[in-house]
Amino acid sequence: MTGNDPTEVFLAHRNLLFTVAYEMLGSAADAEDVLQETWLKWVGVDLATVQAQRAYLVRITTRQALQRLRTLGRRKESYVGSWLPEPLLTAPDVAEDVELADSVSMAMLLVLETLAPTERAVFVLRDVFDLPYDEIADAVGKSAAAVRQIAHRARSHVTARRPRGDVSRAAARTALEAFQRAIETGDLQGLLDVLAPDVVLVGDGGGVKQAVLRPVVGADRVGRVLAGGLGRVEGRATLRPAQVNGHPALVMSLDGELDTVLALRIDGGLVTGVYAVRNPEKLSRMAAETTLRR
């Protein structure tokens with residue numbers, strides 16, 4: 001798209017820019033701040049001098065996100081307990097784009113956390129958004145040759161740690177239903193039947209809400225934590241299924257108020273990861289669907 005109205009051009013690419021920033025940061029709040037900074041820089045640009053508006057906007061967004069990513073790294077060092085990405089309520093079309101859904105899953109975002117900032121930017125721009133190396137080079141301030149090397153290194157790192165494989169929607173739905181039923185009834189054996197032997201439970205209360213401070217590993221330990229969970233809460237707890245970051249999840253409410261998002265990683269029909277986000281500051285994007293674009 002080309003145009004002379006900066007507002008029109010920005011809005012046409014806004015969902016793409018948000019997705020780029022979110023995948024780099026794992027935080028919708030920080031991604032929105034990056035978009036605000038991008039907009040302020042964009043309105044000062046003479047559009048007559050811009051040949052590729054999309055690439056120019058992605059470049060601004062990437063540079064702003066890189067600056068913020070380094071700040072976030074320092075903030076996470078003092079975070080209470082485990083840090084999890086901010087969950088997004090997503091529309092069905094995100095799940096239909098398998099590559100996009102994979103890239104924004106909780107499991108993948110946690111893998112991306114293990115990359116250095118520039119590696120993360122290069123991986124996201126190349127492997128998720130398929131940008132040419134020269135455009136990525138402009139965005140991260142490196143040569144195209146250096147970007148190729150960074151991309152290869154980041155891809156190898158991610159491949160060794162990424163979620164194991166695809167699962168059909170039917171299998172994912174069956175696993176989610178069994179998981180929900182077992183938690184609602186406190187059925188430990190039912191949970192053990194749907195949890196993978198090496199399942200990991202990660203909780204994020206941000207020091208504000210109670211949550212496991214360190215990851216819990218193994219079906220027996222995770223099952224016991226989850227089976228008694230609803231019985232220990234005060235008030236009326238309800239669970240409902242949702243699509244979070246393009247994947248199956250459960251949303252728990254207490255007395256009608258949103259309390260916890262349980263995002264799941266499902267491999268081979270079994271739950272291999274449970275990501276419980278309780279930090280209230282991270283639940284604001286669960287009120288309405290977020291549109292993501294590649």
Side-chain angles (χ1 to χ4, degrees), residues 18-19 21-36 65 68-90 94 104-114 120 176 179-180 183 199-217 221-222 225-226 228-265 271 273-290 292:
F18 174 85
T19 308
Y22 176 74
E23 292 210 23
M24 285 184 60
L25 300 170
S27 163
D30 286 288
E32 290 289 357
D33 287 343
V34 163
L35 259 61
Q36 181 65 24
R68 189 163 290 260
L69 187 57
R70 296 182 176 105
T71 302
L72 274 178
R74 294 190 292 271
R75 193 191 309 169
K76 290 170 189 172
E77 291 175 0
S78 59
Y79 197 80
V80 177
S82 299
W83 182 94
L84 285 173
E86 187 174 346
L88 306 177
L89 184 67
T90 49
V94 174
V104 297
S105 70
M106 284 286 191
M108 178 57 81
L109 290 174
L110 287 175
V111 171
L112 295 183
E113 284 291 312
T114 64
R120 183 168 184 170
L176 178 68
F179 182 81
Q180 179 178 353
I183 290 182
V199 63
V200 178
L201 165 65
V202 184
D204 181 344
V208 180
K209 290 289 191 76
Q210 184 177 0
V212 292
L213 293 177
R214 288 176 294 278
V216 179
V217 182
R221 294 181 65 199
V222 171
V225 170
L226 294 174
L230 291 188
R232 291 193 297 267
V233 300
E234 296 181 3
R236 178 176 174 271
T238 58
L239 291 171
R240 64 176 177 84
Q243 283 283 323
V244 172
N245 291 54
H247 289 270
L250 292 176
V251 177
M252 186 175 84
S253 297
L254 288 180
D255 294 326
E257 297 292 328
L258 174 62
D259 180 83
T260 306
V261 171
L262 292 170
L264 304 183
R265 171 178 161 183
V271 176
V274 182
Y275 310 101
V277 182
R278 299 198 70 204
N279 184 348
E281 293 184 358
K282 293 188 175 184
L283 299 179
S284 63
R285 301 295 290 223
M286 292 300 297
E289 291 179 350
T290 296
L292 302 175

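Among Thr260, Asp259, Asn279, the one residue that satisfies the side chain to side chain donor-acceptor pair (under 3.5 Å) test with Lys209 is Asp259.
Rounding to the nearest 0.5 angstrom, the gap separating the CE atom in Met108 from the CD atom in Glu23 is 9.0 Å. Rounded to the nearest 0.5 Å, atoms OG (Ser27) and NZ (Lys76) are 8.0 Å apart. From Asp33, atom CG reaches atom OG1 of Thr71 across 11.0 Å, with rounding to the nearest 0.5 Å. Rounded to the nearest 0.5 angstrom, Leu25 CG and Asp30 CG are separated by 6.0 Å. Atom CG of residue Leu283 and atom CG of residue Leu89 lie 11.5 Å apart, to the nearest 0.5 angstrom. With values rounded to the nearest 0.5 angstrom, Glu257 atom CD is found 10.5 Å from Thr238 atom OG1.
Between Phe179 and Leu239, every side-chain heavy-atom pair lies at or beyond the 4.5 Å cut-off. At a threshold of 4.5 Å between non-hydrogen side-chain atoms, the residues Arg120 and Glu113 count as touching. Between Leu292 and Leu88 there is a side-chain heavy-atom pair separated by less than 4.5 Å. At a threshold of 4.5 Å between non-hydrogen side-chain atoms, the residues Asn245 and Leu109 count as touching. Using a 4.5 Å cut-off on side-chain heavy atoms (C-beta onward), Leu110 and Tyr275 make contact. Using a 4.5 Å heavy-atom cutoff, the side chains of Met286 and Pro87 are in contact. Side-chain contact between Glu32 and Arg285 is present, with heavy atoms from C-beta onward closer than 4.5 Å.
What you find for Ser82 and Gly203 is that their closest heavy atoms are CB-O, 3.4 Å. Smallest separation of non-hydrogen atoms from Pro215 and Val200: CB-CG1, 4.0 Å. For the pair Gly246 and Val94, the tightest heavy-atom approach, listed with the atom from each and the gap, is CA-CG1, 3.9 Å. Between Phe18 and Ala31, the shortest heavy-atom contact is CE1-CB, 3.7 Å. When all heavy atoms of Leu176 and Ala249 are compared, the pair lying nearest together is CD1-O, 3.8 Å. Taking all atoms of both residues into account, the shortest heavy-atom contact from Ala276 to Leu201 is CB-CD1, 4.4 Å.
Although no hydrogens or angles enter the test, the distance criterion places a donor-acceptor pair under 3.5 Å between the side chain of Arg278 and the main chain of Gln210. Put simply, the side chain of Tyr22 gets close to the backbone of Glu86: a donor and an acceptor are under 3.5 Å apart. The closest donor-acceptor contact from the side chain of Asp204 to the backbone of Leu84 lies under 3.5 Å.
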Q: Verify side chain to side chain contact (heavy atoms under 4.5 Å, CB included) between Met106 and Val277, making sure each step is shown before the conclusion.
A: CA-CA 11 Å; Met106 284 286 191; Val277 182; 4.0 Å; yes
